[in-house]
Amino acid sequence: MPELILHHYPESLFSEKARAMLNARGLAWRSVIIPMIMPRPDTVPLTGGYRRTPVMQVGADVYCDTAAIADYLDDKGTGTTFFPAASRLAAQTLARWTDTELFWAAVTLRFLPANAGSFFANAEAATTFAADRANFSQGATIRRLPVEEAAPRYQLFMDELQAQLSDGRAYLFGADWTIADFSVYHVLWFIHAGGAMADDLARRPAVKAWYQRMLAFGGPQGLNMTGTEALAVAAASTPEPLANGSSDIADIPIGALVDVGPTDYGVMPTRGELLHCDAATITISREHDRTGVVNVHFPRHGFGVTRV
Ligand SMILES: N[C@@H](CCC(=O)N[C@@H](CS)C(=O)NCC(=O)O)C(=O)O
């Protein structure tokens, strides 16, 4: 298997989800630290327009969104599946809810003046970040959650989490982890890693014990690689062959030129030739002079496909 290369930055919570999944499975990985804001000249050649973080590169294959990364990693390394049959529906549904609804509550809470202090080095960094994310939010179909909605949503979830874990189970659905553990973990990490809202954890001991267990997965970092080196890896590789590419969209056959992008926020699409589209996965092929041909993989859930 070619090296697993994560393009990420330390403060990114979805990157923390990917880092924790990689480490939990005992996988060696390479770390390309990308800027927290645009421009990202060494990432765009791989991803095209998609500008969310993280992305994972395996040779000349690029996995966008942690859902696609989880799917790819599930049969790699060691440890039980992220998607056990008996709780797959509940775990996936909780993961999707957490990665969107709880995530937006966490964003509001983390950037409250009382909590934001540990996130930005100085006021200028905060202003630059806000301007970048205003661009990122153009075309978004969701609204920023007011604190009056974010706080109770978060507190109710934390109470329910405490109740779920208080029988002493190691993970949310029992003795083994599922994808839901990693999704809940990275949202809590975003809020608590800088020491914000520490009381919320302290008064929920079962959540705190589970959080500490997950935190151990998040710690180790991959061996550093530069963006230029990662692009050279792509250029020297060919994408993994796709078995039986097909399209389930009646008027968009495989081979069509398409735009694929998130439908809720950070909606900037990637353009390429459709190789495969089913209920779970979308794969397109694109080319750049710094990478050669790469295949870019997205989850279907939360992404749209438009014929160009
Ligand atoms: N559903 C996506 C969400 C990714 C996401 O929203 N990432 C944030 C950073 S944690 C982002 O892209 N922010 C804008 C940026 O990094 O440019 C996933 O699971 O990967």
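Ligands are counted one by one from 1 in listed order, and the atoms in each one are counted from 1 as well. We number each residue from 1, following the sequence as shown.
Residue contacts with ligand 1 include Tyr9, since one or more of its heavy atoms lies under 4.0 Å from the ligand. In this structure, Glu11 does not count as a contact residue of ligand 1, since none of its heavy atoms falls inside 4.0 Å of the ligand.
Contact annotation: the side chain of Trp29 approaches that of Gln221 to within less than 4.5 Å [non-hydrogen atoms, C-beta and beyond]. Looking only at side-chain heavy atoms (C-beta outward), Val233 and Pro2 stay at 4.5 Å or farther from each other. Under the 4.5 Å side-chain criterion, counting only non-hydrogen atoms from C-beta, Pro205 is in contact with Gln162. His276 places none of its side-chain heavy atoms less than 4.5 Å from the side chain of Ile284.
Where the criterion is an N or O separation shorter than 3.5 Å, residue side chain and backbone included, Asp99 fails it with respect to ligand 1. Polar contact check, Asp132 against ligand 1: no nitrogen or oxygen pair lies under 3.5 Å apart. For a threshold of 3.5 Å applied to N or O pairs, the pair formed by Lys17 and ligand 1 contains no separation below that value. Any N or O atom pair closer than 3.5 Å counts here, and Tyr50 shares no such pair with ligand 1.
Geometrically, Arg204 does not engage Tyr211 in a cation-pi contact defined by less than 6.0 Å to the ring centre and at most 45° from the axis.
Tyr185 and Glu16 are linked by a side-chain donor-acceptor pair at a separation below 3.5 angstrom, with hydrogens and angles left out of the test.
Within ligand 1, the atoms closer than 4.0 Å to a non-hydrogen atom of Ser12 are 9 (C), 10 (S), numbered from 1 in the order shown. Annotation for ligand 1: atoms under 4.0 Å from non-hydrogen atoms of Arg40 are 15 (C), 16 (O), 17 (O). Set against the non-hydrogen atoms of Leu13, the atoms of ligand 1 under 4.0 Å away are 10 (S).
Nearest heavy atoms, Met38 versus Val44: CE-CG2, 4.3 Å.
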Could you please spell out the steps behind the side chain to side chain donor-acceptor pair (under 3.5 Å) verdict for Asp259 and Thr306?
CA-CA 5 Å; Asp259 280 339; Thr306 318; 5.9 Å; no
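Counting only heavy atoms of the protein, atom 17 (O) of ligand 1 lies nearest to Arg51 NH2, 2.6 Å. Protein heavy atom in closest approach to atom 19 (O) of ligand 1: Thr66 OG1, 2.5 Å. Nearest non-hydrogen protein atom to atom 4 (C) of ligand 1 is Thr53 O, 3.3 Å. Looking at atom 3 (C) of ligand 1, its nearest protein heavy atom turns out to be Tyr265 OH, 3.3 Å.
Salt bridge present: Glu101 and Arg153 bring a charged side-chain N and a carboxylate O closer than 4.0 Å.
Comparing heavy-atom distances from atom 13 (N) of ligand 1 across Met268, Arg133, Met56, Arg96 singles out Arg133 as nearest.
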